[in-house]
Colleague: 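Take this structure first; my questions come after.
Below, each value reflects all heavy atoms present in this structure, side chains not excepted, and no hydrogens, waters or symmetry copies. Quick caveat, the model's predicted, so the values are computed rather than measured.
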Amino acid sequence: MRTVAENSSVAEFILAGLTNQLELQVPLFFLFLGFYVVTVVGNLGLIMLIGLNSHLHTPMYFFLYNLSFIDFCYSTVITPKMLMSFVSKKNIISYAGCMTQLFFFLFFVVSESFILSAMAYDRYVAICKPLVYIAIMSPQVCLLLLLGVYGMGFAGAMAHTACMVRLTFCDNNMIDHYMCDILPLLKRSCTSTYVNEMVVFLVVGIDIGVPTVTIFISYALILSSILRIRSTEGRFKAFSTCTSHIIAVSLFFGSGAFVYLKPSSLLPINQGKISSLFYTTVVPMLNPLIYSLRNKDVKIALKKTVSKKSFS
């Protein structure tokens with residue numbers, strides 16, 4: 001027997017998926033299956049690599065470890081269900097399942113925005129205050145920052161989900177998206193969504209605005225410090241430690257702000273789907289690559305781990 005929330009008129013939703021063009025379904029299925037495999041292998045591989053190598057047990061890699069964990073989790077919340085839309089005639093998700101997916105998606109995506117800001121702060125301390133880096137970025141401070149990251153993720157997810165479950169949804173239960181996201185769900189509501197829209201602008205504004213300001217200030221101070229370095233080689237070496245983070249931040253915050261901080265009338269739903277793909281599929285896949293391929297410590301750790309297994 002299906003359970004339905006008291007204030008909902010539907011027991012389930014139908015996810016329309018990424019496209020309704022039949023000739024694209026199979027190619028897209030294998031494309032995004034490949035993306036997901038790379039995401040899982042890349043992030044779990046980086047988690048294992050950091051865990052197994054003691055010389056990577058530093059604040060920088062502590063946050064990178066958690067970034068990989070977050071990327072793996074929220075990609076897993078979204079991608080398997082999206083893959084079903086390519087091979088199923090009707091990709092059905094229950095009301096409870098939809099709200100659960102919404103909650104965990106928001107929890108991990110908000111946590112990612114704040115873990116990126118924590119990583120920016122770590123880079124600021126490392127470059128601008130190298131002599132007291134170990135003292136400032138102590139294990140206790142790192143743990144407090146991490147608790148703040150997940151605390152903000154939980155608060156953001158709870159605010160949006162609590163507002164969503166108070167709505168009554170119409171008999172037309174087709175969600176024009178590949179996941180249960182805020183804006184597509186609001187379009188299916190039969191009741192006023194004014195409060196929800198205000199919460200979106202307020203909470204999303206905080207969850208994007210606070211990390212963005214933190215990152216901007218951190219990099220302004222980093223740039224000022226780098227410009228005071230006399231040697232060109234020294235400036236390049238200092239800046240090169242930040243390039244991967246800058247790329248990840250630009251992709252993640254750019255696509256997120258484009259989806260949520262523009263009025264829905266200016267954002268066609270298909271355009272929203274494409275933008276959502278960046279931070280739900282592309283960014284989790286790219287993060288372990290852009291943070292490890294150009295990182296000498298990770299390369300050394302990988303060689304040591306592989307050589308140990310080969311020797312065994």
Side-chain angles (χ1 to χ4, degrees), residues 13-43 67-68 70-88 91 93 98 101-113 115-116 153 156-157 160 174-188 200 204 207-208 211 244 246-264 266-291:
F13 294 100
I14 300 172
L15 297 173
L18 192 61
T19 179
N20 56 6
Q21 298 182 36
L22 295 177
E23 66 274 12
L24 295 178
Q25 301 289 353
V26 173
L28 287 175
F29 172 82
F30 286 106
L31 175 65
F32 286 104
L33 178 62
F35 283 177
Y36 183 60
V37 170
V38 173
T39 301
V40 171
V41 172
N43 285 291
L67 176 67
S68 293
I70 291 169
D71 281 337
F72 165 73
C73 288
Y74 90 75
S75 178
T76 300
V77 168
I78 300 300
T79 308
K81 195 63 180 173
M82 180 179 70
L83 291 174
M84 288 183 64
S85 68
F86 296 126
V87 295
S88 304
N91 187 17
I93 185 169
C98 187
Q101 186 189 57
L102 177 69
F103 174 84
F104 282 105
F105 159 64
L106 292 170
F107 172 73
F108 288 116
V109 81
V110 173
S111 297
E112 172 128 348
S113 69
I115 199 77
L116 288 171
H160 288 299
M174 174 71 76
I175 300 176
D176 192 12
H177 212 287
Y178 57 84
M179 65 177 181
C180 289
D181 201 358
I182 300 171
L183 300 182
L185 278 169
L186 293 183
K187 291 179 180 294
R188 297 275 68 86
V200 169
V204 175
D207 292 338
I208 290 181
S244 297
I246 292 172
I247 294 170
V249 165
S250 300
L251 287 172
F252 180 79
F253 285 102
S255 56
F258 188 74
V259 171
Y260 291 108
L261 296 183
K262 288 186 69 177
S264 57
L266 298 179
L267 185 65
I269 192 67
N270 288 335
Q271 193 175 354
K273 290 181 188 180
I274 301 302
S275 299
S276 298
L277 282 175
F278 278 96
Y279 65 86
T280 60
T281 305
V282 178
V283 171
M285 179 184 66
L286 292 180
N287 276 344
L289 300 178
I290 62 180
Y291 277 104

Colleague: Side chain to side chain donor-acceptor pair (under 3.5 Å) with Thr280: which residues, sequence neighbours excluded?
Modeller: Tyr178
Colleague: Working to the nearest 0.5 Å, report the span between CG of Asn91 and CD1 of Ile14.
Modeller: 9.5 Å
Colleague: Considering only heavy atoms from C-beta outward, does the side chain of His160 approach that of Val200 to under 4.5 Å?
Modeller: yes
Colleague: Counting heavy atoms not belonging to Phe104, are there more than 12 under 6.0 Å from its CZ?
Modeller: no
Colleague: Nearest 0.5 Å, please: how far is CE in Met179 from CZ in Phe13?
Modeller: 14.5 Å
Colleague: Kindly give the heavy-atom pair with the smallest separation between Gln25 and Ser85, and that separation in Å.
Modeller: OE1-O, 3.8 Å
Colleague: Of all the heavy-atom pairs spanning Ser68 and Asn43, show the shortest one and how long it is.
Modeller: CA-OD1, 3.3 Å
Colleague: Looking at every non-hydrogen atom in both residues, tell me the closest pair between Met82 and Leu277 and how far apart they are.
Modeller: SD-CD2, 4.1 Å
Colleague: Please enumerate all residues that pass side chain to side chain donor-acceptor pair (under 3.5 Å) together with Asn287, with sequence neighbours excluded.
Modeller: Asp71, Glu112
Colleague: Roughly how far apart are Phe35 CZ and Thr39 OG1, rounded to 0.5 Å?
Modeller: 8.5 Å
Colleague: Let me confirm one number: the NE2-NZ distance from His177 to Lys187, rounded to the nearest 0.5 Å.
Modeller: 10.5 Å
Colleague: Are the side chain of Ser113 and the backbone of Val110 linked by a donor-acceptor contact shorter than 3.5 Å?
Modeller: yes
Colleague: Under the side chain to side chain contact (heavy atoms under 4.5 Å, CB included) criterion, do Phe32 and Phe86 qualify, and how do the steps go?
Modeller: CA-CA 10 Å; Phe32 286 104; Phe86 296 126; 3.9 Å; yes
Colleague: Given Ile78 and Thr281, is the side chain to side chain contact (heavy atoms under 4.5 Å, CB included) satisfied, shown in steps?
Modeller: CA-CA 8 Å; Ile78 300 300; Thr281 305; 5.5 Å; no
Colleague: Tyr36: what forms a side chain to side chain contact (heavy atoms under 4.5 Å, CB included) with it, not counting sequence neighbours?
Modeller: Val40, Ser75, Thr76, Thr79, Pro80
Colleague: If you compare all heavy atoms of Ile175 against all heavy atoms of Cys180, which two are closest, and at what distance to 0.1 Å?
Modeller: CD1-SG, 4.2 Å
Colleague: Measuring from Leu15:CG to Asp181:CG, what's the distance to the nearest 0.5 Å?
Modeller: 11.0 Å
Colleague: List the atom of Phe107, the atom of Ala157, and the distance in Å for their closest heavy-atom pair.
Modeller: N-CB, 3.6 Å
Colleague: Taking all non-hydrogen atoms of both residues, which atom of Ile93 and which atom of Lys81 are closest, and how far apart?
Modeller: CB-CE, 3.9 Å
